[in-house]
Amino acid sequence: MDAIRRGRLNEIDTVRGLALAMIFIDHVPGNPLENITIRNFGFADATEIFVFLAGLAAALAYFRKFTADRPWLASAKAAKRGFDLYLVHVFCIAVVAALVAWMAGATADPELYSWINLGPIFNDPAAGLMGVVTLGHQPGYFNILPMYICFMLALPVMMLIARASVGAMLVASATVWVVANMTGMNAPQWPNGGGWFFNPLAWQFVFAIGFVVGAGILGRAQVVPYRAWAWWLAAAYLVLALAMKLAAFYPARDMLPIPFFLYGQDKTFVTLPRILHLLALVYVVAYSPAGRWLRDLGANNPFAVMGRQGLAVFATGSLLAVAAQLVRVPLGGGVVLDVVLVSAGLVILVLLAGGLEWLKRSTTQTSARTATPARTTVAPARTAPAAPSAAVPPAKAFGPVRA
């Protein structure tokens, strides 16, 4: 329970670290290691895991404060987190634009200026930069944080509803998800037009599901208890998803006489099969030896350390993924180079997370020592030993005191 009180669970940090590693690997397309990430084995990928855990972590970090007569404090902390995410997002895009501009000049390749949707920034800086700062323009590989920012800004409303009824909050979230899928409603892109790659109106449902699980952990109750039939049903769904993935079977929009989001595999609107795949995966792992193994890894395994430093690892991983692809431009790529680049990137992420952990520990210890006042020891005056009281025998003078 101490870990829950601190808002941390080692197995959650470990899975978040694994998701971050897979996101980095998948963001260097064509490298051999991307063949072993979760997206190759079903409908969902590491993004669903990341968003689900973000919702779970939000409940652990903010919901207790919100329900303990401190809603304004919890809301302010959530808003601050959203602002921190915004600053990191804008900073990353500035760094990427600088890297791409430098490589385009060094290689005399003007096509790089339009790579990963950077064209508006270079071709029309006024509109492009306005789009960046308003989150309307999102270069490729930098679509997740804007969605996450929206979730943190909406979190106070979610917690307000959840304080009255967690179920009502989930129903409201599901309703928004259904409406977004039925109508095609999405946050607008600008200046390019169209909608966000990760529709926040749809993906908030995954975040809300994670929030419900986190609220269940705070209540010291299993949100969905183990049932053998449910476990085998979830396992069967994972097998079905794997078979469809291996067969490259992607249902067309007019295949069935029901809404597409109930059977399609669209990522922008995070359709039902993707959500069910995520939930089945979580359920099967949680009630299997794999779940016990994750819990037994402890707090100091590399993935748990990465998970605890999620924002820094995600931002750095995104920059490293772009840098790795730019290195390919003059060198031509290849299996060996790709493996070296991705492996080096993973090592850098582990070292970064470990360094931040060490810095945080050192800062905490220094603050604790500074806050502890120095003690001055004064030697007691020497006096003749007093005779024991006649009411208390000497043998029991230092015995236990009983009420």
Side-chain angles (χ1 to χ4, degrees), residues 1-26 33-42 44-61 206 209-211 213-218 220-226 231 234-235 238 277-317 320 342-362 364-365:
M1 289 302 298
D2 287 340
I4 295 177
R5 293 189 187 98
R6 294 192 304 270
R8 300 235 72 100
L9 290 171
N10 294 331
E11 59 268 33
I12 294 174
D13 290 330
T14 299
V15 175
R16 184 190 290 111
L18 283 166
L20 290 169
M22 288 188 287
I23 289 174
F24 166 69
I25 293 171
D26 289 338
L33 296 180
E34 71 174 350
N35 295 318
I36 61 174
T37 61
I38 190 174
R39 71 177 184 179
N40 299 281
F41 302 98
D45 60 24
T47 308
E48 278 88 351
I49 298 175
F50 179 82
V51 174
F52 171 82
L53 292 179
L56 194 158
L60 295 181
V206 179
I209 294 172
F211 183 93
V213 174
I217 293 174
L218 288 176
R220 288 178 280 183
Q222 294 175 337
V223 176
V224 181
Y226 172 77
W231 193 93
L238 294 180
H277 184 255
L278 167 70
L279 297 180
L281 183 63
V282 170
Y283 192 77
V284 168
V285 170
Y287 295 114
S288 71
R292 291 192 294 272
W293 175 74
L294 287 171
R295 287 187 286 272
D296 292 341
L297 282 176
N300 295 320
N301 75 81
F303 292 112
V305 177
M306 289 172 63
R308 286 194 294 273
Q309 303 296 331
L311 179 57
V313 170
F314 176 81
T316 305
L320 289 175
V342 174
S343 300
L346 291 172
V347 170
I348 291 172
L349 295 180
V350 172
L351 293 176
L352 170 68
L356 292 175
E357 284 275 296
W358 172 83
L359 181 62
K360 182 178 179 180
R361 258 193 324 269
S362 301
T364 302
Q365 291 171 356

### Steps toward side-chain contact (heavy atoms from CB on, under 4.5 Å) verdict (Val313, Leu356)
CA-CA 10 Å; Val313 170; Leu356 292 175; over 6 Å; no
### Query
Could you state the interatomic distance from CG (Leu297) to CG (Asp13), rounded to the nearest 0.5 Å?
12.0 Å
#### Entry: Between OH on residue Tyr226 and OG on residue Ser288, distance to nearest 0.5 Å
10.0 Å
### Query
Do you know which two heavy atoms are closest between Asn40 and Glu34, and how far apart they sit?
ND2-O, 2.6 Å
### Query
Out of curiosity, Leu294 CG to Phe303 CZ, how far, rounded to the nearest 0.5 Å?
10.5 Å
### Query
What closest approach, in Å, do Arg16 and Ala57 show between heavy atoms, and which atom pair accounts for it?
NH2-CB, 3.3 Å
### Query
When rounded to the nearest 0.5 angstrom, what is the spacing between CZ in Arg39 and CD1 in Ile49?
13.0 Å
### Task
Using salt bridge (Lys or Arg N to Asp or Glu O under 4.0 Å) as the criterion, list what pairs up with Asp45, not counting sequence neighbours.
Lys267, Arg274
### Message
Less than 4.5 Å apart, side chain to side chain, heavy atoms only: is that true for Trp231 and Val284?
### Response
yes
### Message
Restricting to non-hydrogen atoms, name the atom on Gly310 and the atom on Leu20 that form the minimum distance, rounded to 0.1 Å.
### Response
CA-CD1, 3.8 Å
### Query
How about Leu281 and Ile38: do any of their side-chain heavy atoms sit closer than 4.5 Å?
yes
### Task
Looking only at non-hydrogen atoms, find the nearest pair between Leu218 and Ala59 and report the distance.
CD1-O, 3.3 Å
### Message
Working to the nearest 0.5 angstrom, can you tell me the gap between Asp26 CG and Asn35 CG?
### Response
9.5 Å
### Message
For Glu357, give me all partners under salt bridge (Lys or Arg N to Asp or Glu O under 4.0 Å), at least two apart in sequence or on another chain.
### Response
Arg308
### Query
Heavy atoms, side chains only, cut-off 4.5 Å: are Thr316 and Leu349 in contact?
yes
## Note on the structure
Nearest heavy-atom approach of Met306 to Ala353 is CA-CB, 3.7 Å
#### Entry: Minimal non-hydrogen separation, Ala46 against Ala19, with atom names
CB-O, 3.7 Å
### Task
State, yes or no, whether a side-chain contact exists between Leu346 and Ile25 at a heavy-atom distance under 4.5 Å.
yes
#### Entry: Spatial distance of atom CG (Leu279) from atom CD1 (Ile209) [nearest 0.5 Å]
5.0 Å
### Task
Evaluate the side-chain proximity of Val350 to Val305: yes if any heavy-atom separation is below 4.5 Å, no if none is.
no
#### Entry: Listed partners of Phe24 passing ring-ring contact (aromatic ring centres under 6.0 Å, His included), at least two apart
none
